[in-house]
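Quick notes on the structure that follows.
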Amino acid sequence: FWKLCVMAILIVSAIVVAIVLLSTNLSSSSTSSESLSTTPTKSAPTTFPTYDITSLSTKEPSLKPSTKDDEEYIAMQRDILEQIYIETDGGNSWYTSDNWLNDEVSVCEWYGCECNDADNDVVTSLIMPNIKLPQKVPTVLGLLNELQELIITNVNFVGNLPSELSHLHKLKQMIVISSLDGTLPLEMGELRSLEYLELRDNSFGGQIPTELGLLQSLTYLDISDHKYFTEASIPSEFGNLSSLKTLNLSRNGLRGVIPSELFGLVSLEELNLSGNSLNGPLPLSLDLMSLREMNLSVNSLTGTLSGALGSLESLEVLKMNANRLTSIEPGLLSNGSEILSSRISTINIEHNQINSLPTDYVRLPFLNDFYVGFNRIEGTLPMFQNVARLLLFANSFTGSIPTEYGLLGNLTELHLEFNAGIIGTVPTELTECDKLIDFSIRHTGQDYHVM
């Protein structure tokens, strides 16, 4: 009997030992598995913290981040950039995404991101990469409140221009050349640091916000080449942009009269309102003392070309072609013996209804291009001191070609065709014009012939 008891005790002991060993192995395996599962991988994340633009913090980091707030902004900035990457399908849609989502490098080295100081990781310039598929402009861009430059130049960005971008209070330059539509946000008037604004080649419509007239630091404004501004007019508030040097509102289909306030922008150097449906006469008073180029062509402007243009001493290029102007005031370019607009090199008043020319042009020493074709101008051919391109076709000029044209040593083009009243002989003096390569007298007087 005692042998059976000893055997039973040994069997029970062996079972207990086996159970203990098995439990130990399972615990070790579980610990090893947990250790492996917590080992970080280097794959691109699929989700990021989502920031609500309405909860935008007013805290702004210094350029040398050293406080907790600075560190929080930099961390938030990285999350926002990663969110932009996901929202625009960066992995599939971007042509170039060098270093994006790479934790081993600073965001300053991410493609399209620039920092003023690479040591602080604060992005001050963002050039949105080119994309293959249509995407909307992410609203979270408005949270990058240290941005000074934002550039979006890709036709595949669609939808509205987010009003949230108005939170970028340090923004100095914004360029958006894409396929955006809708209306321009009124909130853009809050970008008070903006100096350069280019919003051309989109499909914006509605009205041009008057609030843009609040951007006192603006020196360059280009809102051109849009399809749906056909019921819009030029805001008179643009006359408040006292620092403006370039204003381009061309090819928009804008209506109404040109606000007189625009002609008081003393810093303005280039004014381009061509390709619209603007009407009415030009104002009698012009204070554009810095203006070098004025392009009001292809509109429906009427009346007289004001003699006030003669006071613009910096004017070099004047384009008034394709309007409904009927006359030119005497003294347009000079006053008595004093030449006022001596710098002017180009005058284009083709395709109007002008019936006579003043004699000022002969005394313009730098006049290079003179275009008056397709008008109703009568009288003898005008005289010039020096000119390279002289287009007088399709008018009602009479008489003979002045022999003095042979003294125009820089003359390269002379078009007199479709002037039935021009008769006589082509002066032999024209053979002295060594640079003349384009000369036309087709459809002039019946008796006209070439020597």
So, [X] versus [Y]: side-chain donor-acceptor pair below 3.5 Å or not?
{"X": "Ser178", "Y": "Asn202", "value": "no"}
{"X": "Lys435", "Y": "Asn410", "value": "yes"}
{"X": "Thr403", "Y": "Glu429", "value": "no"}
{"X": "Ser250", "Y": "Asn248", "value": "yes"}

[X]: what forms a side-chain contact (heavy atoms from CB on, under 4.5 Å) with it, not counting sequence neighbours?
{"X": "Ser290", "answer": "Glu269"}
{"X": "Asp225", "answer": "Asp201, Arg251"}
{"X": "Asp438", "answer": "Glu413, His415"}
{"X": "Gln173", "answer": "Glu149, Ile151, Ile175, Tyr196"}

Any side-chain heavy atom of [X] within less than 4.5 Å of one from [Y]?
{"X": "Val107", "Y": "Ile74", "result": "no"}
{"X": "Asn156", "Y": "Gln135", "result": "no"}
{"X": "Pro382", "Y": "Ile377", "result": "no"}
{"X": "Leu278", "Y": "Asn323", "result": "no"}

Quick one: which residue pairs count as a salt bridge (Lys or Arg N to Asp or Glu O under 4.0 Å) with a foot in [range], not counting sequence neighbours?
{"range": "residues 271-284", "answer": "none"}
{"range": "residues 174-193", "answer": "none"}
{"range": "residues 399-412", "answer": "none"}

Quick one: does [X]'s side chain have a donor or acceptor within less than 3.5 Å of a partner on [Y]'s backbone?
{"X": "Ser97", "Y": "Trp94", "value": "no"}
{"X": "Asn272", "Y": "Ser274", "value": "yes"}
{"X": "Thr412", "Y": "Ala388", "value": "yes"}
{"X": "Ser93", "Y": "Gly90", "value": "no"}
{"X": "Ser345", "Y": "Glu316", "value": "yes"}
{"X": "Asn145", "Y": "Leu168", "value": "no"}
{"X": "Glu114", "Y": "Glu109", "value": "no"}
{"X": "Ser243", "Y": "Leu218", "value": "no"}
{"X": "Trp110", "Y": "Asn99", "value": "yes"}
{"X": "Asn102", "Y": "Trp100", "value": "no"}

I'd like a table of donor-acceptor pairs (distance under 3.5 Å, sequence neighbours excluded) in which one partner is a side-chain atom from residues 256-267, with atom names and distances.
from   : atom 1 : to     : atom 2 : distance (Å)
Ser267 : OG     : Ser242 : O      : 3.2

Could you check Thr246, Leu244, Leu247 and say which one makes a side chain to side chain contact (heavy atoms under 4.5 Å, CB included) with Leu271?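 Exactly one pass, corresponding to Leu247.
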Enumerate the residue pairs fulfilling side-chain hydrogen bond (donor to acceptor under 3.5 Å, both in side chains) with a member in residues 208-224, sequence neighbours excluded, ordered by first and then second residue.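 Only Asp222-Ser224 qualify under side-chain hydrogen bond (donor to acceptor under 3.5 Å, both in side chains).
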Set of side-chain hydrogen bond (donor to acceptor under 3.5 Å, both in side chains) partners for Asp434, sequence neighbours left out: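 Partners of Asp434 under the side-chain hydrogen bond (donor to acceptor under 3.5 Å, both in side chains) test: none.
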I need the minimum non-hydrogen distance between Leu194 and Leu215, along with the two atoms involved.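 Looking at all heavy atoms of both residues, the shortest contact is CD2-CD1, 4.2 Å.
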Would you mind writing out the side-chain donor-acceptor pairs for residues 369-376 within the sub-3.5 Å range, not counting sequence neighbours?
from   : atom 1 : to     : atom 2 : distance (Å)
Asp369 : OD1    : Arg389 : NE     : 2.6
Asp369 : OD1    : Arg389 : NH2    : 3.0
Asp369 : OD2    : Thr346 : OG1    : 3.3
Asn375 : OD1    : Asn352 : N      : 3.2
Asn375 : OD1    : Gln353 : N      : 3.3
Asn375 : OD1    : Ile354 : N      : 3.1
Asn375 : ND2    : Ile349 : O      : 2.9
Asn375 : ND2    : Val372 : O      : 3.0
Asn375 : ND2    : Gly373 : O      : 3.4

Do Cys115 and Cys108 have their SG atoms less than 2.5 Å apart?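 Answer is yes: Cys108 pairs with Cys115 in a disulfide.
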Under the ring-ring contact (aromatic ring centres under 6.0 Å, His included) rule, what pairs show up with a residue in residues 226-252, not counting sequence neighbours?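 Output for this query lists Phe204-His226, His226-Phe229.
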Under 4.0 Å between a Lys/Arg side-chain N and an Asp/Glu carboxylate O for Lys245 and Glu270?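 Here Lys245 does not pair with Glu270 in a salt bridge, since their nearest N and O are not under 4.0 Å apart.
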